[in-house]
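What follows is one structure encoded as structure tokens, with my remarks underneath.
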2 protein chains.
Amino acid sequence: MDRRIDDLTARARIRDAAIRLFGERGIEGASIRDIAAEAGVSSGLVRHHFGSKEALRDACDRYAKERMLEVGEELTDAGGVAALDPATLHPRVFPLQLYLVRSMMDGSETAAALFLGAVDSIEEWSTAYGIHPTDRRAYAAAMAAIKLSVFVFRDQVSKALGEDITTPAGYARIGQGLMEVFTIPLITEEQAEQLRKKSEEN
Amino acid sequence: MDRRIDDLTARARIRDAAIRLFGERGIEGASIRDIAAEAGVSSGLVRHHFGSKEALRDACDRYAKERMLEVGEELTDAGGVAALDPATLHPRVFPLQLYLVRSMMDGSETAAALFLGAVDSIEEWSTAYGIHPTDRRAYAAAMAAIKLSVFVFRDQVSKALGEDITTPAGYARIGQGLMEVFTIPLITEEQAEQLRKKSEEN
DNA sequence: CACTTGACTACACGCTCGTGTAGGAGTTTG
DNA sequence: CAAACTCCTACACGAGCGTGTAGTCAAGTG
């Protein structure tokens with residue numbers, strides 16, 4: 001899109017640096033001065049282009065959302081269950097996911113809307129797929145949270161695996177672990193029913 | 001333990017206030033002055049009792065870890081799969097979980113050790129339970145991350161459910177949603193095998 | 001009584017933050 | 001040519017932060 005010969009405009013570089021640093025350190029943890037230094041410009045230019053830190057975050061939110069929805073369309077075009085294959089989730093979406101999760105935890109409306117959208121589509125998908133949970137909404141919400149969990153705990157998961165999950169190989173590995181959580185039934189329907197009844201007693 | 005007639009010592013009140021505010025707003029988001037105000041003391045007293053913000057966090061880490069391990073023993077004593085029942089996870093551990101997750105994301109060694117311990121015990125448990133994932137370590141790491149995910153996204157999940165999951169009722173609901181993720185096999189073993197092969201091609 | 005000790009407060013420090021302002025350099029436009 | 005506009009930098013301001021210091025007050029101890 002905006003890609004020039006081999007470099008980006010200063011505005012795009014600031015936005016990319018912001019997404020990277022916000023995603024790594026959190027919104028509070030990354031200062032405008034840090035972002036400016038990362039992008040190789042003065043801190044005043046950040047303000048010139050985006051007005052304020054909050055406005056910069058909004059711009060990052062919109063950009064990340066746009067890109068993620070693009071990828072989402074690519075994946076649904078590629079067809080159904082294959083979307084769960086970690087190898088098809090290109091490493092290029094990792095910084096975006098990381099940023100959106102951080103922004104969401106920081107109270108972003110845009111990111112929260114993305115989460116709700118994900119819950120909605122999981123709900124619809126599970127219906128079409130022929131799954132019948134007791135509480136479909138709760139099921140969908142749990143699934144949505146689960147999909148993001150590895151991004152939040154990437155340091156801990158990487159340490160547990162002895163392998164950096166920000167690399168394609170590591171991400172594929174934890175992605176497969178996630179897949180098997182969805183594949184292997186942990187308890188039988190009868191046991192689940194028992195637990196359900198027991199919790200209703202209280 | 002330290003419980004007096006109806007109040008706590010100033011030190012305990014500071015520690016409880018820190019766990020609450022750190023958990024709600026994150027470590028950076030809660031200042032020593034905020035914590036002091038929440039505990040009803042001067043900011044100097046926080047320093048007097050704990051020395052520094054980092055030391056205060058360490059004290060909170062150790063305290064929360066201790067309490068969580070206590071609860072963990074209670075649950076394993078109560079027996080196996082019942083530990084997954086949300087109704088047995090008392091609301092009193094919610095603030096502790098919230099705090100530990102925040103502290104973990106902020107790079108706490110103690111909290112990270114708790115995560116690794118969780119992965120280890122899930123790994124052992126899955127072996128004893130007769131589950132055979134392709135990559136047991138990755139499976140266990142994914143499970144550990146999943147268990148914590150609803151704490152991270154509690155605001156988003158609450159919004160999606162239209163129900164506050166910090167309440168026992170709401171927590172039971174999302175807990176059941178999580179349980180059904182573990183119960184309903186999403187894809188067959190054959191499909192999983194196909195995906196596995198496809199990702200190995202790249 | 002004099003002295004010490006621990007809980008506690010008030011206040012000031014240096015730092016970093018987001019933000020505001022003034023202005024320079026290069027291009028476009030009348 | 002000059003005015004205007006955009007991109008960009010340098011620098012200062014006030015606020016909030018963690019931290020340091022000095023001192024008050026009450027309880028215990030010889």
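Naming: A, B, ... by sequence-line order, numbering from 1 per chain.
One finds a side-chain N or O of A/His48 lying less than 4.0 angstrom from the OP1 or OP2 phosphate oxygen of D/dC7.
By the 6.0 Å contact criterion, NZ on B/Lys53 is enclosed, its count of non-hydrogen atoms from other residues, nucleotides or ligands being greater than 12.
Atom-to-atom, CG of B/Leu45 to P of C/dT9 comes out at 5 Å; the value is rounded to the nearest Å. At whole-Å resolution of the value, NZ in A/Lys53 and P in D/dA15 are 19 Å apart. Here D/dC17 presents its C1' atom at 12 Å from CD1 of B/Ile35, a figure rounded to the nearest Å. Straight-line distance from the CD1 atom of A/Ile14 to the C1' atom of D/dT6: 14 Å, rounded to whole Å.
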Exercise for review: Would you sort out whether A/Ser126 and A/Arg136 count as a side chain to side chain donor-acceptor pair (under 3.5 Å), showing the intermediate values?
Suggested key: CA-CA 8 Å; A/Ser126 73; A/Arg136 188 179 301 278; 2.7 Å; yes

Practice item. Would you please test A/Phe182 and B/Phe182 for ring-ring contact (aromatic ring centres under 6.0 Å, His included) and show each step? Key: CA-CA 6 Å; A/Phe182 301 145; B/Phe182 300 144; 8.7 Å; no

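With hydrogens and angles left out, the side-chain atoms of B/Glu180 and A/Thr134 include a donor and acceptor closer than 3.5 Å.
Both the sub-6.0 Å distance and the 45° axial angle are satisfied by B/Arg11 relative to the ring of B/Phe50.
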Less than 3.5 Å apart, which donor and acceptor atoms pair up between the side chains of residues 22-30 of chain B and the rest of the protein, not counting sequence neighbours?
| residue | atom | partner | partner atom | Å |
| --- | --- | --- | --- | --- |
| B/Arg25 | NH1 | B/Asp34 | OD2 | 3.3 |

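The stretch residues 20-32 of chain B has no heavy atom under 4.0 Å from DNA chain C, so no residue of it qualifies as close.
The base of C/dG18 is paired with the side chain of A/Arg33 by a donor and an acceptor separated by under 3.5 Å.
As judged by a 4.0 angstrom heavy-atom cut-off over every strand, B/Ser43 is placed among residues making no nucleic acid contact.
Each of A/His49 and B/Gly44 was assigned the nucleotide of DNA chain D with the nearest heavy atom; the assignment lying further toward the 5' end belongs to A/His49.
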